[in-house]
Every structure is written in structure tokens, then in C-alpha cells.
Amino acid sequence: MTTELQIKKLAMEAVHALYGETVDDKLVQVQMTRKDQDGDFTVVTFPLLKFSKKKPEETGEDIGRYLQSMMPEIASYQVIKGFLNLTLSHDYWIGVLNHIFSDEQYGFVPVTDSSPMMMIEYSSPNTNKPLHLGHIRNNLLGFSLSRIAHATGNRVVKTNIVNDRGIHICKSMLAWHKWGEGATPESTGTKGDHLVGEFYVMFDQHYKKELAQLIESGLTKEEAEKQSALMAEARELLRKWEAGDQQVVQMWEMMNQWVYAGFDVTYKAMGVDFDKIYYESQTYSVGRDMVLEGLDKGVFYRKEDGSVWVDLTSDGLDEKLLLRSDGTSVYMTQDIGTAKLRFDDYSIDKMVYVVGNEQDYHFKVLSLVLDKLGFNWGKDLVHFSYGMVELPEGKMKSREGTVVDADDLMAEMIKTARDMSRELGKLEGYSDEEAEQVYRMIALGALKYFILKVDPRKTMTFNPRESIDFNGNTGPFIQYTHARIQSIFRKAEEKGIVWKGAAPSGLELNEKENNLIRTIANFGNVVSEASAMYSPALVANYMYELAKEYNQFYHDSPILFEENEPLREMRLTLCKVVGNIIRKSMWLLGADVPDRM
RNA sequence: GGUCCCAUAGUUCAAUGGAUAGAAUGUCAGAUUCCGGUUCUGAUGAUAUGGGUUCGAAUCCCGUUGGGACCA
């Protein structure tokens with residue numbers, strides 16, 4: 001049981017013993033004491049006044065006295081208005097420190113075969129262009145969430161749904177067919193996803209030119225779009241693909257393979273992976289069957305033109321198209337099919353979709369539709385809805401060529417990390433390969449931390465310059481703190497300082513040490529909060545706080561130079577535990593920490 | 001037209017309904033015999049706006065303004 005819980009229980013007992021009232025546990029609030037006040041934990045007594053029928057100060061005194069009598073670890077208490085601040089003894093905190101030190105898994109909940117299963121969908125790219133900065137946020141969030149879910153006792157299945165069919169890929173195919181002259185990734189030396197993306201852009205350019213010519217000859221924009229020969233050809237490709245035309249399917253397979261090979265490289269560089277990948281080309285027809293089944297069951301209805309709809313007006317939404325009049329499917333159809341297959345493949349307890357907030361409405365509908373189709377998790381599926389990524393100059397716009405490519409961005413950051421690291425020259429003795437691994441760790445740590453520290457549901461600004469600035473509230477600052485800690489232990493060994501690996505009791509803790517242990521003790525709470533709130537940002541912000549407190553401690557207190565041996569032992573234990581928690585926290589974000597940098 | 005989201009120092013971000021709204025960055029001024037100067041300390045500066053709810057509101061509710069997204 002955590003200290004907070006223990007205090008909370010006692011405080012409830014206190015109200016009962018002192019005032020003869022039973023209180024709802026929501027009324028008893030125990031929190032960490034603000035840093036500018038004396039104390040470790042605070043009981044907020046305002047809500048208890050109606051039971052005590054006394055002034056806040058008197059109520060605080062009553063409860064403080066009771067708590068102290070029941071819990072000898074409380075060294076002192078202080079009442080300020082409706083706040084009862086409790087201070088625990090130094091020995092108590094040293095005990096906490098030792099306990100955390102001895103528990104390798106501290107803060108994490110073990111996963112067993114009977115743990116609940118959470119499936120997390122993230123990434124979900126289209127196969128017509130390479131991944132960009134927006135996808136990076138998606139991937140990092142999805143991957144981090146899966147680690148946080150695992151750390152809080154869930155079996156996790158990471159999944160990806162690849163949108164590999166539809167008009168978008170037909171546009172790339174058509175452009176390649178018409179103007180590609182047989183180009184391949186090998187012949188051009190271009191990464192497959194980038195190559196296909198180039199043809200997608202090429203289609204768009206030719207299409208625009210065609211429209212301009214048609215408009216010049218006197219057509220309106222709408223008429224021009226209708227008469228476009230290029231668009232007609234692309235649609236014809238899609239029709240042939242759906243009909244299973246061998247040549248078309250072959251071209252489709254070839255170009256998709258190029259894209260997958262390219263994506264694999266990007267995912268690997270990013271350090272994310274999946275347990276199971278679904279393809280829309282394999283799920284859309286399942287979805288169509290499900291919709292028709294729903295039509296039979298009477299939960300959907302058909303309009304005169306043959307299209308199939310669902311009526312959600314009684315749920316406060318409107319009517320939604322599920323199948324077009326020509327029988328082709330829409331996004332919703334595919335998502336239904338994918339859900340069905342997943343449900344067949346796994347015994348999912350919780351389904352989480354990491355998808356941008358522009359699809360909030362889509363997921364409200366999907367949730368209701370799945371529920372109507374009888375999926376028992378339909379109603380409580382989680383749409384993990386995150387905000388857009390913008391640049392300091394504004395939004396990314398493909399037309400204006402301001403889209404930041406994922407591969408380019410990572411390469412650039414690795415280059416910067418390499419330059420900075422070489423300047424510092426702390427990697428002597430490392431092979432080129434080892435050093436390169438450290439540069440990559442720093443670059444990816446910087447990127448991941450910068451993106452994940454922001455509340456996911458908010459629109460964020462990604463500043464490339466700031467993200468590779470290794471000062472301030474950044475990943476490298478945290479990695480640096482970790483490296484410095486490891487350096488202490490290397491030095492200890494050199495100096496022949498033997499460390500028993502635990503802190504002796506009976507020591508006086510200074511303020512910085514006390515703060516640090518309190519923060520360490522809060523790690524478990526932070527992880528479970530991050531899981532409950534689906535927010536890696538909580539872990540990131542916590543870790544920054546920890547690193548900052550550690551640096552203050554480090555600045556003020558000698559560690560290896562401390563001559564009082566028990567004190568040195570305690571400080572070394574503190575260093576070790578902080579290093580471990582930084583490493584674990586970074587792991588929860590999907591990032592690594594170097595021993596030197 | 002309908003629905004949803006957002007608004008905090010110059011800038012980028014924090015703050016389970018709790019105390020004097022915290023950081024980072026920027027600017028200015030300092031510290032360090034030392035275990036890694038990517039450190040530490042101080043100064044500066046913000047809740048868009050008008051109501052309401054209550055012991056207490058950046059946070060919850062209603063209106064206004066501004067920004068974004070989605071649905072036809």
C-alpha cells in the first residue's frame with residue numbers, strides 16, 4: 001500500500017473516531033505537499049468541516065494529532081488553513097528508498113496469461129506516400145501507450161491497419177504506368193515509399209494541368225473534374241483491381257511491396273514495431289458482408305438508389321453512409337471488417353485506436369455501429385484522439401511542399417547529434433559502431449521526448465531547431481543526467497570505493513535528498529495515472545522533474561567525495577535509483593538512455 | 001447550416017476543483033577548488049472576455065470573441 005493510501009485510510013478513520021461520521025473516500029484528499037510548503041503529504045480538510053463542525057485550523061489539529069498517534073512515522077505536522085501538512089521521518093524515507101532500490105520491477109505491474117488484453121492500433125498509413133511528421137506523432141504515441149499499458153499489467157497487441165487499396169494508390173499506379181518508364185527503387189536508388197509518393201505527386205501535377213486546360217476551353221471547375229480523362233483512367237484501374245484483373249493486381253502488388261519495404265526501414269529507424277498487421281484489401285469485403293448482414297437484421301436500411309445507411313439520429317448524430325449505391329465500400333465499411341477480423345483473431349478486452357482528432361466524428365459513429373452489430377466492446381472502444389502537429393511557420397501543406405518527411409527529419413537529427421557529441425569527445429574508446437548507436441539514441445530521444453511531453457490531445461508546434469537544442473526541457477538533458485549518474489559509478493570503481501548497495505538508517509536527509517526520495521516514491525502513481533489517462537506526457541513531465549531535482553542534489557551534495565561513509569552509501573543508492581527510474585521512464589516513452597554521451 | 005475541439009508569460013509547454021498559476025526558452029545579473037559547465041541560483045513576465053455554480057475555478061456550466069476540425 002502506498003503512503004498516500006495509508007494516510008487516507010487513517011484520515012477516514014480519524015473522522016469516524018473523532019466526529020462519529022463515516023465519510024465518502026472521495027472527500028478525503030491526500031496529495032504531495034507543494035514544494036514551497038513544509039511537509040511531505042497534505043490532507044485537505046476543507047471538505048471535512050461539515051463533519052467536524054469546527055474551524056479548519058481546529059479540524060486540522062484534531063486529525064493531525066490522531067494521525068500522529070496512529071502512525072509513528074509521522075515526525076511532525078503543521079496546519080495552515082484547511083491544509084494539514086504531514087512530515088514523515090527521515091528513517092521512513094530511507095526505508096522507502098531501500099525498498100525501491102531492492103525491487104527491480106518497482107512501479108510496474110507484472111503481466112500474466114490472465115491479464116486483460118488490450119489491442120492498440122496505431123500508424124495506419126496510406127500506401128501512396130511516405131510517412132511524415134504527423135505520422136511520427138501517431139507512431140510514437142501508439143508505441144509509448146503500448147509500453148505503458150504493458151507496464152500497468154495488460155497483455156498488449158500492437159496492430160497496424162494499412163490502407164493499401166482505393167483510388168489513391170491507383171493514381172500512383174497510373175502515373176507509374178504512363179510516365180514511369182519502368183522505374184524501380186533499385187534502378188533509381190530511391191526508397192520505395194518515396195518513389196511511389198513521387199508518382200502520386202506526378203499524377204496530381206498532370207491532373208491539375210489537364211483541369212486547367214479544360215477550364216480554359218470554357219468548362220466550369222465541376223465540369224472539368226467530371227470530364228478529366230486522367231481521373232477516369234484512375235477509376236478504371238480501381239474497377240479493374242476490384243474485378244481482380246491480373247495485370248492490375250500484379251502492378252498493385254509490386255508497388256505496394258516497394259512501399260512496405262520503405263515503411264519497414266522507417267519503422268525500424270523510429271524504433272517501433274507491430275505484432276499483427278491488417279490490410280484493408282483483405283478487410284473491406286468482410287466489412288461489406290457485415291453491413292449486408294446488418295441490413296438483414298434490420299439495424300441498417302437501404303435507400304432507393306441502393307446505398308446502405310445507418311440511422312443514428314436517436315443517438316444525437318445523423319444518418320451515415322455504409323455502402324455506396326454501386327456497392328463499393330467507404331472507410332466505415334473497412335473499419336467494420338477490420339474490427340470483425342480482430343475480434344475473431346484475439347480475445348480483446350479493450351480496443352484502442354490511435355487516430356487524429358479530425359476523425360472524432362468517424363469514431364463516434366464506428367462505436368455505435370459496432371455496438372449495433374453486436375460487438376461487446378463496440379460501445380467502449382477508445383478513440384485515442386490526438387492533435388495535429390504544426391510547424392513554427394504554420395501548418396504543413398503538401399501543396400506548398402512544407403511537409404516534413406519522417407526519414408529526412410530523423411537523418412537530420414542524427415547528424416546534429418553526431419556533430420554535438422563529437423565536439424564533447426566523451427566517447428573515446430567507443431568503436432564507430434558503438435558511437436553511432438549513441439548518436440542515434442540521442443537523436444531519437446530528443447525527437448520522442450519533444451513530441452511526447454506535450455498533452456496528446458492538443459495541437460502542438462514542432463520546432464526542429466528547438467528539438468535538437470540539447471538544453472532545457474529536452475530528451476538529451478535527461479539522457480545527460482543518466483550518463484552522468486553512470487559516470488559516477490565508473491569513477492567509484494576506479495577509486496576503489498566499495499558500495500554495499502543500500503542506505504543505512506539513522507541519517508539526516510537534507511532538503512534536496514528528501515525531495516528526491518519523495519519524487520522517486522511517486523513513480524508508481526505516475527505510471528498508473530499515465531495509463532488511466534492514456535498520456536505519455538505525464539511520464540515525460542515527471543521524468544523531467546526528477547532529472548531537475550537530481551541535478552540540484554548533485555550540485556549541492558558531494559557523493560564520491562563525501563567522507564562520511566553511511567552518507568555516501570545513501571547518496572550512491574539515491575543515484576542508482578534515479579538512474580533506474582530515468583531509464584524505465586524513457587523506456588515507457590519508447591526511448592533509450594546511453595551510459596556515455 | 002449542424003456537430004466537436006482549442007484559447008495560460010514575447011515564444012513553446014505544465015497545473016486529479018485546492019495554498020502565492022509552475023517550467024523551459026528569451027533577456028538581465030550571479031555561482032562553482034569538486035564526482036561530466038548540456039549544471040546551479042536570482043530577476044523579468046500570463047489564465048481571451050462577461051456572467052453563474054461553491055468554503056475554494058485556469059479547470060465545471062451558460063453567453064461573447066478568436067482559432068481549428070468534421071458532417072452534408
Side-chain angles (χ1 to χ4, degrees), chain A residues 4 26 29-37 39 42-50 55-56 80-85 312 316-321 356-365 385-388 390 392 394-395 420-421 423-426 442 446 450-451 453-455 457-463 465-467 469-492 494-495 497 512 525-526 529 532-533 535 537-538 540-542 544-545 547-562 568 571-572 575 596-597:
Chain A
E4 276 117 310
K26 269 180 245 136
Q29 298 170 37
V30 179
Q31 49 201 235
M32 284 176 74
T33 303
R34 285 171 54 117
K35 271 171 111 184
D36 53 355
Q37 302 284 338
T42 296
V43 181
V44 185
T45 56
F46 285 118
L48 307 176
L49 303 185
K50 58 181 161 188
K55 288 181 185 159
I80 300 171
K81 289 186 284 186
F83 301 97
L84 168 60
N85 298 327
L312 299 171
L317 305 178
D318 50 16
E319 299 175 346
K320 185 77 192 171
L321 177 72
N357 63 10
E358 73 274 15
Q359 293 197 41
D360 284 355
Y361 186 79
H362 175 87
F363 278 95
K364 274 186 194 163
V365 173
S385 167
Y386 64 91
M388 307 275 98
E390 295 181 358
K395 294 181 168 188
M420 298 191 74
S421 220
E423 222 170 280
L424 288 162
K426 292 284 180 185
I442 296 169
F450 194 90
I451 286 182
K453 75 177 175 181
V454 183
D455 182 350
R457 60 200 172 80
K458 290 192 179 167
T459 303
M460 70 169 289
T461 304
F462 180 78
N463 186 329
R465 269 198 313 270
E466 219 174 279
S467 71
D469 177 0
F470 293 174
N471 289 310
N473 185 356
T474 63
F477 167 76
I478 288 161
Q479 290 172 320
Y480 168 74
T481 305
H482 179 268
R484 204 192 217 181
I485 289 171
Q486 303 319 311
S487 161
I488 290 174
F489 287 97
R490 284 194 298 271
K491 277 273 154 56
E494 280 172 29
K495 288 178 157 231
I497 291 178
K512 300 285 164 65
N525 292 334
V526 170
E529 186 77 1
M533 308 275 290
S535 180
L538 295 180
N541 289 330
Y542 164 81
Y544 176 62
E545 188 65 28
K548 228 170 32 166
E549 277 178 8
Y550 176 80
N551 280 319
Q552 287 169 16
F553 153 76
Y554 178 91
H555 189 260
D556 291 359
S557 315
I559 299 163
L560 295 178
F561 294 127
E562 176 57 54
R568 191 172 67 214
R571 288 183 181 156
L572 281 167
C575 291
R596 289 201 259 165
M597 63 189 277

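Naming convention: chains lettered A, B, ... in sequence-line order (proteins, then strands); numbering from 1 in each chain.
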*With RNA chain B as reference, determine whether F450(A) or N85(A) sits nearer its 5' end, using the nearest nucleotide of each.*
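The residue closer to the strand's 5' end, by nearest nucleotide, is F450(A).
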
*Starting from the 5' end of RNA chain B, give me the residue, E358(A) or K364(A), whose nearest nucleotide shows up first.*
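Upstream on the strand: K364(A).
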
*asked:* Counting the benzene-type ring for Trp, do Y550(A) and F553(A) have ring centres under 6.0 Å apart?
replied: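 Yes, close enough.
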
*Can you pull the salt bridge (Lys or Arg N to Asp or Glu O under 4.0 Å) pairs that have at least one residue in residues 549-559 of chain A, sequence neighbours excluded?*
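Output for this query lists K35(A)-E549(A), K512(A)-D556(A).
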
Please give the distance between the [atom1] atoms of [N] and [M] as a whole number of Å.
N: rU44(B); M: rC5(B); atom1: P; result: 38 Å
N: rA48(B); M: rG66(B); atom1: C1'; result: 8 Å
N: rG10(B); M: rU49(B); atom1: P; result: 13 Å
N: rG42(B); M: rU47(B); atom1: C1'; result: 25 Å
N: rC35(B); M: rA29(B); atom1: C1'; result: 28 Å
N: rG17(B); M: rU27(B); atom1: P; result: 36 Å
N: rU41(B); M: rG37(B); atom1: C1'; result: 14 Å
N: rC6(B); M: rU32(B); atom1: P; result: 48 Å

*Apply ring pair (Phe, Tyr, Trp, His ring centres under 6.0 Å) to Y361(A) and list each qualifying residue two or more places apart in sequence or on a separate chain.*
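Listed in chain order: nothing, the list is empty.
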
*R34(A) vs N85(A) side-chain heavy atoms within contact, under 4.5 Å*: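 No - every pair of side-chain heavy atoms lies 4.5 Å or more apart.
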
*Do Y554(A) and R484(A) come close enough that some side-chain heavy atom pair is under 4.5 Å?*
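Yes, side chains in contact.
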
Indicate the atoms forming the closest heavy-atom contact of [X] with [Y], along with that distance.
X: F477(A); Y: A547(A); answer: CE2-CB, 3.8 Å
X: A446(A); Y: S467(A); answer: CB-O, 3.6 Å
X: A483(A); Y: R490(A); answer: O-NH2, 4.3 Å
X: N473(A); Y: K453(A); answer: O-NZ, 3.1 Å

_Can you tell me if K458(A) touches the phosphate of rA7(B), counting only side-chain N or O atoms and a distance under 4.0 Å to OP1 or OP2?_
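Yes, such a contact exists.
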
*Using only side-chain N and O atoms of R457(A), determine if any of them is under 4.0 Å from OP1 or OP2 of rC5(B).*
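Result: no.
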
Without decimals, in angstroms, what is the distance between [X] [atom1] and [N] [atom2]?
X: I497(A); N: rC35(B); atom1: CD1; atom2: C1'; answer: 9 Å
X: D36(A); N: rU20(B); atom1: CG; atom2: C1'; answer: 7 Å
X: K320(A); N: rG2(B); atom1: NZ; atom2: P; answer: 19 Å
X: N541(A); N: rG22(B); atom1: CG; atom2: P; answer: 16 Å
X: M533(A); N: rA15(B); atom1: CE; atom2: P; answer: 8 Å
X: F83(A); N: rC55(B); atom1: CZ; atom2: P; answer: 15 Å
X: N357(A); N: rA69(B); atom1: CG; atom2: P; answer: 10 Å
X: N473(A); N: rA14(B); atom1: CG; atom2: P; answer: 10 Å

Heavy atoms only, 4.0 Å cut-off, all strands: where does [X] land among base, sugar-phosphate and nothing?
X: Q359(A); result: nothing
X: T45(A); result: nothing
X: P47(A); result: base
X: E545(A); result: nothing
X: Q479(A); result: nothing

*Can you find a donor-acceptor pair, distance only, under 3.5 Å between T42(A) side chain and rA19(B) base?*
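Donor-acceptor pair under 3.5 Å: yes.
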
*Answer yes or no: side-chain N or O of D455(A) and base N or O of rA15(B) forming a donor-acceptor pair under 3.5 Å.*
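In this structure, the two groups form no donor-acceptor pair.
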
_Base versus backbone protein contacts along nucleotides 36-48 of chain B [heavy-atom cut-off under 4.0 Å; B, S, -]_ = BSBBSS-------

_Closest to the F46(A) side chain, choosing from rC71(B), rC34(B), rG18(B)_ =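 Out of rC71(B), rC34(B), rG18(B), the nucleotide with an atom closest to F46(A)'s side chain is rG18(B).
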
_Proximal nucleotide (of rC71(B), rC35(B), rG18(B)) relative to the Y361(A) side chain_ =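 The answer is rC71(B).
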
_All stems with RNA chain B, defined as three or more consecutive Watson-Crick or G-U pairs under 3.5 Å_ =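 As far as RNA chain B goes, consecutive pairing (with distances under 3.5 Å) yields the stems B:1-7 with B:65-71, B:10-13 with B:22-25, B:26-31 with B:39-44, B:48-52 with B:60-64.
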
*Partner residues of K458(A) under the side chain to side chain contact (heavy atoms under 4.5 Å, CB included) criterion, sequence neighbours left out*: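 If we apply the side chain to side chain contact (heavy atoms under 4.5 Å, CB included) test to K458(A), skipping adjacent residues, the hits are D455(A).
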
*With E390(A), which residues qualify under side chain to side chain contact (heavy atoms under 4.5 Å, CB included), at least two apart?*
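Side chain to side chain contact (heavy atoms under 4.5 Å, CB included) list for E390(A), sorted by chain: K395(A), T459(A).
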
*Working to the nearest 0.5 Å, report the span between CE of M533(A) and CZ of R457(A).*
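Taking CE in M533(A) and CZ in R457(A), the distance rounds to 8.0 Å.
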
